[in-house]
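Read the structure below first, then the notes.
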Amino acid sequence: MPAKRIAVVDRDRCNPRKCGLECIKYCPEVRMGVEETIRLEDGLLIIDEELCTGCGICVKKCPFSAISVVNLPAPIEGEEVHRYGINGFTLFRLPIVRPGKVVGLVGPNGVGKTTSISILSGRIKPNLGRVDEEPGWDEIIRHFRGSELQDYLRRLANGEVKVVSKPERIDRIPQVVRGRVKDVLERVDERGVLEEAIQLLGLGKLLDRRVEELSGGELQRLALAATYARDADVYILDEPTNYLDVYQRMRAAKLIRRLQDKGKSVMLVEHDLAVLDYLSDYVHILYGEPGVYGVVSHPHSTREGINIFLDGYLPDDNVRFRDEPISFLPRIGGQEVSDNPVVVYTEMRKRLNGFTLAVEEGEIYSGEVVVAVGPNGIGKTTFVRILAGELKPDEGMVMTEGVKVSYKPQHVRPTYEGTVESLLRRVAGSNYSSSYFRAEVIKRLGIERILDRYLDELSGGELQKVAIAACLGRDADVYLIDEPSAFLDVEARFAAAKAIRRRIQGEDRAVIVVEHDLLTIEAVADRIMVFSGQPGVEGHASRPMDPRRGLNEFLKDVDVTFRRDPDTGRPRVNKPGSKMDQMARARGRYYP
Ligand code: ADP
Ligand code: ADP
């Protein structure tokens with residue numbers, strides 16, 4: 001494919017005040033006197049697209065990895081939809097909103113998913129890549145001539161489309177919305193459907209609570225209910241499943257489907273591939289160079305779109321956007337577990353503020369990852385706190401004393417006031433320089449790019465990566481990692497799964513992961529502990545068991561069946577009542 005190679009700057013990382021500007025000093029064009037090629041303008045580094053030859057010398061000189069050389073694939077030239085300033089991030093093409101359909105967006109963070117939905121919701125007026133003279137709506141509409149988007153954008157420009165969105169960062173809701181849950185919801189009930197949403201999302205018990213007191217999962221459900229209750233033509237949901245357990249994810253999916261039944265358009269950004277697959281009618285893949293440019297693929301059927309995304313090759317643009325496919329070698333079954341237990345416990349019982357947890361006897365071996373599955377509020381954290389000696393069981397005991405636990409809570413808050421590097425050096429100590437930590441954690445999770453950033457400047461995904469790194473960096477016998485996948489894109493979910501597995505390989509340590517993303521569970525689990533019962537009232541923890549059996553029991557409890565995609569081997573949710581679903585139920589095989 002003919003392509004133009006140029007150097008581009010990532011504005012999030014470029015910091016001309018802190019570096020020696022070696023990119024400019026060493027540019028061969030500048031040295032030959034063509035000073036316009038790469039220059040500073042108002043404190044911003046500018047690379048001239050016409051003059052740059054894409055030699056890549058500046059890329060090597062930049063201490064912040066802020067410059068990269070990219071190939072602009074030929075088919076997208078002339079398809080710029082929006083650019084943030086000179087050399088700023090550029091988005092090519094837009095996803096298509098379809099009446100009565102759920103359209104899913106999948107792709108790494110930083111390639112324009114939020115920009116796309118901001119344009120489709122009218123928050124950003126697209127500039128067609130021109131930053132000096134913004135085009136008017138007439139020109140924008142003409143630009144999309146002959147595409148399904150033309151009519152949509154015309155109606156958007158005329159104020160004839162009403163869009164409501166659920167933002168990604170639900171943790172910021174308490175800063176802008178205050179008061180009792182009930183009052184907040186009543187204010188937005190434009191369709192008179194509040195009761196239905198409250199029931200389905202299980203919000204009944206929260207109605208008298210104040211927004212500031214809600215947990216992440218509770219805020220997520222509140223935000224979903226509020227979005228659902230509004231009256232609009234288009235509903236945009238940015239990462240609706242973060243912090244929700246599998247039961248809640250399935251119920252949220254049901255709610256979203258009801259919008260579609262009413263003929264509404266839904267656009268969804270989702271990194272839980274099982275949910276994306278289950279909900280979407282079409283999928284757009286977004287690819288590019290994070291922070292630099294992003295391309296929206298044409299719409300694909302959901303199965304095909306997700307398989308293309310996993311494969312990393314997009315046939316319609318003839319672009320390989322990832323060097324390697326994400327492959328599914330389900331780890332499930334047959335893994336040899338060592339016979340050296342890190343933790344051994346008898347049958348136990350613990351009562352805590354009206355909640356009772358009953359635990360079957362069990363042991364956790366060195367070198368294994370046990371995934372705890374079950375609803376929120378069922379006692380998973382209580383169980384680990386017992387192992388760590390923070391809580392004493394009322395009955396039974398932990399036979400291994402003084403087990404050291406490193407814990408990543410579900411909700412990560414940027415409470416530390418220094419840079420990422422200083423935090424990680426502090427918690428990891430001498431581990432910081434170990435080859436495991438540098439290669440498997442810092443590098444694999446892509447943390448090296450943000451080492452000099454402060455915690456409160458990080459995005460949700462970056463914060464999550466730092467929290468996982470901090471947890472894995474500590475010296476411990478048992479690592480408890482609660483929902484590592486929240487806010488991470490699909491690639492990062494698999495990278496985190498690898499970093500977690502490598503932590504314990506050949507070591508006298510074990511990991512317990514609490515996780516709700518089925519594909520991540522598969523990628524990480526040696527054994528499964530099923531927690532069941534009634535959230536907040538009573539919980540029952542099974543022995544750690546063979547993953548296939550564990551997931552089967554768990555999914556039976558969730559009441560949902562899966563099958564495998566014949567091409568990629570990935571698990572797919574069966575539509576309730578479909579032939580596949582009925583067959584799976586008849587055979588008692590909820591998990592394939
Ligand atoms: P995604 O949702 O896929 O993570 P976004 O659309 O949020 O991606 O952002 C893509 C890139 O656009 C980001 O890396 C960021 O650098 C840039 N960007 C986003 N918003 C702005 C803005 N208001 N001004 C300048 N650059 C922006
Ligand atoms: P998990 O780690 O499975 O979410 P925890 O061990 O934190 O569960 O929860 C059990 C205890 O915490 C109980 O005392 C319960 O009252 C309380 N709790 C935590 N989250 C919830 C929730 N979402 N709903 C009800 N109770 C909860």
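All ligand and atom numbering here is 1-based and tracks the order in the structure.
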Are there more than 12 heavy atoms of other residues, nucleotides or ligands under 6.0 Å from atom OH of Tyr432? yes
Hey, is CD on Glu133 packed in by over 12 heavy atoms from elsewhere, all under 6.0 Å?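 It does: Glu133 CD has more than 12 such atoms within range.
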How would you list, by chain and number, every residue that makes a side-chain hydrogen bond (donor to acceptor under 3.5 Å, both in side chains) with Glu148, sequence neighbours excluded? Arg98
Name the residues in contact with ligand 1, where contact means a heavy atom under 4.0 Å away: which are they? Asp12, Tyr84, Phe89, Pro108, Asn109, Gly110, Val111, Gly112, Lys113, Thr114, Thr115, Gly291
Applying ring pair (Phe, Tyr, Trp, His ring centres under 6.0 Å), can you list everything that pairs with Phe64, at least two apart in sequence or on another chain?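 Listed in chain order: nothing, the list is empty.
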Residues 104-115 side chain polar contacts: donor-acceptor under 3.5 Å, at least two apart:
residue : atom : partner : partner atom : Å
Lys113  : NZ   : Gly107  : O            : 3.2
Lys113  : NZ   : Pro108  : O            : 2.6
Thr115  : OG1  : Tyr84   : OH           : 2.9

Evaluate the ring planes of Phe321 and Phe309, with Trp represented by its six-membered ring, and classify them as parallel (under 30°), tilted (30 to 60°) or perpendicular (over 60°). parallel
